[in-house]
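Working notes, beginning with the structure itself.
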Amino acid sequence: MAELLSPEAEQFGAVVTDALEAEGGVDLARAAEADPDVRVGYGELLGSLGVWDLDPSTDGVELEAAAAACRAAGRVALPYPVAERVAATGLDGVDALVHVDPDVPRVGHAGLGLVWRAVRDGFSSAVVEEAAPVRSRLGVFAADVVVGPGAETEGRDELARLVTLQCWTLLGVLDGTAGHTYRYVTEREQFGAPLASFQALRFALTDVEVHRLGLVELARYTLWSLGEDRPSAWGDALALRLAALEAAEAVFRICHQAHGAIGFCDESDLSWLSRHSQVLRRLPWGRSQTEAALVAELSQVPLAGPFSG
């Protein structure tokens with residue numbers, strides 16, 4: 001299989017993947033729900049691997065390495081803001097970025113003692129306080145925040161980079177979801193034969209790969225667009241997010257159907273991947289809001305391609 005990213009980035013992603021798997025893989029999410037304070041240790045582990053030394057704003061290889069690290073974190077549903085921290089590299093006095101809806105500002109990984117900066121289209125400001133936790137099974141560590149006064153910013157580079165890296169995290173979640181499902185249908189037998197031998201299920205799982213591999217290609221293109229400082233980079237990032245949300249909806253639907261009821265039980269890794277991806281998929285925007293933002297952006301800067309105006 002051809003390398004998706006540069007050899008250096010692929011190697012770095014493999015190192016992060018191996019380290020997270022050695023620490024427990026999806027069990028890291030289980031441990032965090034039992035004791036939220038262990039999440040600080042996850043950040044320290046990533047720091048020891050050099051993740052926080054990456055500066056995706058200055059070098060294309062480091063941007064790719066950051067994407068590979070985010071993808072590795074997504075594969076195990078790591079309950080830690082990897083994309084948000086890497087996207088903030090080089091910003092004075094800021095530990096992590098959060099893309100906010102100004103009407104309902106929330107962070108998905110509260111309680112870590114990080115200094116957040118809230119960003120939205122053409123505007124940034126400080127998060128001055130983490131307020132009440134959401135207390136939801138679909139947002140275990142999410143919390144409402146109070147956003148301080150802000151200022152208009154030049155361009156949308158920070159926002160496009162953050163959204164793109166979050167999509168690479170979601171891509172990793174889909175990698176993990178597909179991998180767990182393929183193993184399950186191979187090992188699980190029904191009527192004396194593996195589930196994977198049933199034609200209808202094989203067709204459905206082919207759709208999983210179509211969605212996942214299509215997202216891989218678009219994610220790689222968006223990295224290139226960011227690295228080239230293209231005027232359409234923010235639109236490309238929004239298009240990637242919309243595609244990622246659509247792919248996640250299809251992949252989780254099919255994989256839950258393949259698992260049956262056990263896929264919704266916490267004995268299954270699929271349950272953890274599904275639940276812990278909800279914050280990433282819903283904050284600050286779900287599918288319809290992302291689509292509306294993309295349409296608005298395309299009226300200003302059309303996407304490049306054979307069908308562009």
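Numbers here simply count residues along the sequence, with the first being 1.
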Using a 4.5 Å cut-off on heavy atoms from C-beta on, say whether the side chain of [Y] contacts that of [X].
X    : Y    : value
T181 : L205 : yes
S271 : F264 : no
F141 : R39  : yes
H211 : L174 : no
R75  : T17  : yes
P105 : D144 : no
D157 : L226 : no
L46  : L78  : yes

Quiz item: Could you walk me through whether D266 and R137 pass the salt bridge (Lys or Arg N to Asp or Glu O under 4.0 Å) check?
Solution: CA-CA 12 Å; D266 281 354; R137 284 275 288 171; 3.2 Å; yes

Heavy-atom pair of closest approach, residues [X] and [Y]:
X    : Y    : result
P79  : L28  : CG-O, 4.1 Å
A83  : L162 : O-CD1, 4.1 Å
V86  : A66  : CG1-CB, 3.5 Å
A72  : L20  : O-CD1, 3.8 Å
Q289 : P284 : OE1-O, 3.9 Å
R71  : V216 : NH2-CG2, 3.8 Å

If I take atom [atom1] from residue [X] and atom [atom2] from residue [Y], how far apart are they, to the nearest 0.5 angstrom?
X    : Y    : atom1 : atom2 : value
C167 : L218 : SG    : CG    : 8.5 Å
S48  : L45  : OG    : CG    : 4.5 Å
L159 : H99  : CG    : NE2   : 4.5 Å
L171 : C70  : CG    : SG    : 10.5 Å

Between [Y] and [X], does any NZ, NE, NH1 or NH2 come within less than 4.0 Å of an OD or OE carboxylate oxygen?
X    : Y    : value
R85  : D95  : no
D236 : R241 : no
E217 : R220 : no
E249 : R281 : no

Quiz item: Could you walk me through whether R275 and E33 pass the salt bridge (Lys or Arg N to Asp or Glu O under 4.0 Å) check?
Solution: CA-CA 12 Å; R275 285 200 297 109; E33 286 203 15; 3.0 Å; yes

Self-check item: Whether over 12 other heavy atoms sit under 6.0 Å from Q11 CD
Solution: no

Practice problem: Give a yes or no on whether R30 atom CZ has more than 12 heavy-atom contacts from other residues, nucleotides or ligands under 6.0 Å away. | Solution: yes

Check the hydrophobic clustering (I, L, V, M, F, W, Y; side-chain heavy atoms under 4.5 Å; chains of links allowed) and say if [X] and [Y] are grouped together.
X    : Y    : result
V145 : L138 : no
V107 : L283 : no
L112 : V100 : yes
V38  : Y80  : yes
V140 : V98  : no

Quiz item: side-chain contact (heavy atoms from CB on, under 4.5 Å) between L49 and V15: does it pass, once the steps are laid out?
Solution: CA-CA 8 Å; L49 298 174; V15 169; 4.2 Å; yes

Practice problem: Check side chain to side chain donor-acceptor pair (under 3.5 Å) between D55 and all other residues, then give those that pass, not counting sequence neighbours. | Solution: S57

Any donor-acceptor N/O pair, [X] side chain to [Y] backbone, under 3.5 Å:
X    : Y    : result
Y221 : L240 : no
E84  : A96  : no
T164 : A160 : yes
S277 : S274 : yes
S6   : A9   : yes
W116 : A110 : no
T222 : A237 : no
T290 : G286 : yes

Practice problem: Would you please test V51 and F12 for side-chain contact (heavy atoms from CB on, under 4.5 Å) and show each step? | Solution: CA-CA 9 Å; V51 174; F12 187 75; 3.8 Å; yes

Quiz prompt | Ring centroid separation H259 to Y184 under 6.0 Å | solution = yes

Practice problem: Apply the test side-chain contact (heavy atoms from CB on, under 4.5 Å) to residues L54 and T89: give CA-CA distance (whole Å), side-chain angles for both, the deciding distance (0.1 Å), then the verdict. | Solution: CA-CA 7 Å; L54 297 172; T89 302; 5.6 Å; no

Quiz item: Can you list the residues that meet the ring-ring contact (aromatic ring centres under 6.0 Å, His included) rule with W234, with sequence neighbours excluded?
Solution: none

Quiz item: What's the verdict on salt bridge (Lys or Arg N to Asp or Glu O under 4.0 Å) for R161 and E158, showing C-alpha distance, side-chain angles and the deciding distance?
Solution: CA-CA 5 Å; R161 193 176 306 117; E158 292 176 3; over 6 Å; no

Exercise. Over 60° means perpendicular and under 30° means parallel, so classify the ring planes of H276 and W272, tilted if in between.
Key: parallel

Quiz item: Would L63 and W224 count as a side-chain contact (heavy atoms from CB on, under 4.5 Å) if you check the C-alpha gap in whole Å, the side-chain angles of each, and the deciding distance to 0.1 Å?
Solution: CA-CA 9 Å; L63 175 61; W224 171 79; over 6 Å; no

